[in-house]
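Only one structure is covered here, and it is reproduced in the block below.
Numbers here simply count residues along the sequence, with the first being 1.
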Amino acid sequence: MANRQLEQNRREEPMTFNAKVATIGFCGGIFWSLIGYLAFFFNFMRVGPALVLMPWALGDWKNGYIGQIVGIFVIGLLSILVAFIYMVLLKKFNNIWAGLAYGLVLWGLVFYLLNPVFHGLKPLNQLDINTIITSICLYILYGVFIGYSISYEYEELNQAQHRT
């Protein structure tokens, strides 16, 4: 019993930077797609998180409540990849503008370039102004969340390495 440490006296190993990036991505995807679902539910946007399921023939359930919930989870998983892309390309930019630009690029990618893949999404020139403005705002906030969080963790990691 003398060799075993009490659980309260054990020191937790800190998360690796990659684990933090994955966590930021997943949590950001879940949180902001939940906000997107609320915007869809209250008719600020014509598309909800289930949009991510549109390329696959999964049945009519993807257009209902269950499809929105599954869409939120899928966006959380895809957001891990989005966070790692930010980490590789922009982690050294510790300001709001890099995340804002990243969110705008993601919006353009989804609503303009990948538009033909999403069968339930009208072409950009046929979307109503509420959907465009609300979705741009959500993507900007999502980009700032991902960007600022990853850049902050990167700066913290660099400062910790310089102290040792």
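- Across every non-hydrogen atom of P123 and N115, the tightest pair is CA-ND2, 3.7 Å.
- Under the 4.5 Å side-chain heavy-atom criterion for Ile, Leu, Val, Met, Phe, Trp and Tyr, Y148 and L106 are members of distinct hydrophobic clusters.
- A 6.0 Å sphere centred on CZ of F118 holds more than 12 heavy atoms belonging to other residues, nucleotides or ligands.
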**OP:** Report the C-alpha distance between M87 and F17 in whole Å, list the side-chain angles of each, state the deciding distance to 0.1 Å, and finish with yes or no for side chain to side chain contact (heavy atoms under 4.5 Å, CB included).
**Re:** CA-CA 10 Å; M87 180 194 76; F17 182 61; 3.4 Å; yes
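- Summarising the geometry, atom OG1 belonging to T134 is positioned 8.5 Å from atom CG belonging to D128; distances are rounded to the nearest 0.5 Å.
- In the displayed structure, F84 atom CZ is contacted under 6.0 Å by more than 12 heavy atoms of other residues, nucleotides or ligands.
- Applying the ring pair (Phe, Tyr, Trp, His ring centres under 6.0 Å) rule to Y86 yields the partners Y102; only residues at least two apart in sequence or on another chain are considered.
- For N130 (side chain) and I133 (main-chain N/O), no donor-acceptor pair under 3.5 Å exists by modelled atom type.
- Follow the hydrophobic side-chain contacts under 4.5 Å out from V105 and you never reach I80; the two are in separate clusters.
- More than 12 heavy atoms of other residues, nucleotides or ligands sit less than 6.0 Å from atom CG of L109.
- Of all heavy-atom pairs spanning P55 and V117, the tightest one is CG-CG1, 3.5 Å.
- Contact record, I146 with S79: CD1-OG, 4.1 Å, taken as the closest heavy-atom pair.
- Between the side chain of S151 and the main chain of K92, no donor-acceptor pair closer than 3.5 Å is present.
- Ring geometry for Y139 against F111 counts as perpendicular: the plane angle is over 60°, on a 0 to 90° scale with 30° as the lower cut.
- A distance of 10.5 Å separates SG of C137 from CE of M45, quoted to the nearest 0.5 Å.
- Hydrophobic cluster membership differs between Y152 and I150, with clusters built from Ile, Leu, Val, Met, Phe, Trp and Tyr side chains linked at under 4.5 angstrom.
- Cluster annotation: L113 is connected to L89 through the hydrophobic network of ILVMFWY side chains, with a link wherever side-chain heavy atoms come within less than 4.5 Å.
- Put simply, the side chain of T131 gets close to the backbone of R46: a donor and an acceptor are under 3.5 Å apart.
- At least one side-chain heavy atom of Y142 sits under 4.5 Å from a side-chain heavy atom of V82.
- Taken together through direct or relayed side-chain contacts under 4.5 Å among Ile, Leu, Val, Met, Phe, Trp and Tyr, Y112 and V52 form part of one hydrophobic cluster.
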Side-chain donor-acceptor contacts of residues 19-39 below 3.5 Å, not counting sequence neighbours, with atom names and distances?
unit_1, atom_1, unit_2, atom_2, d
K20, NZ, E153, OE1, 3.2
T23, OG1, A19, O, 2.8
S33, OG, G29, O, 2.5
S33, OG, I30, O, 3.2

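- Counting only distance, with no hydrogens or angles, the side chain of S135 and the backbone of I132 share a donor-acceptor pair below 3.5 Å.
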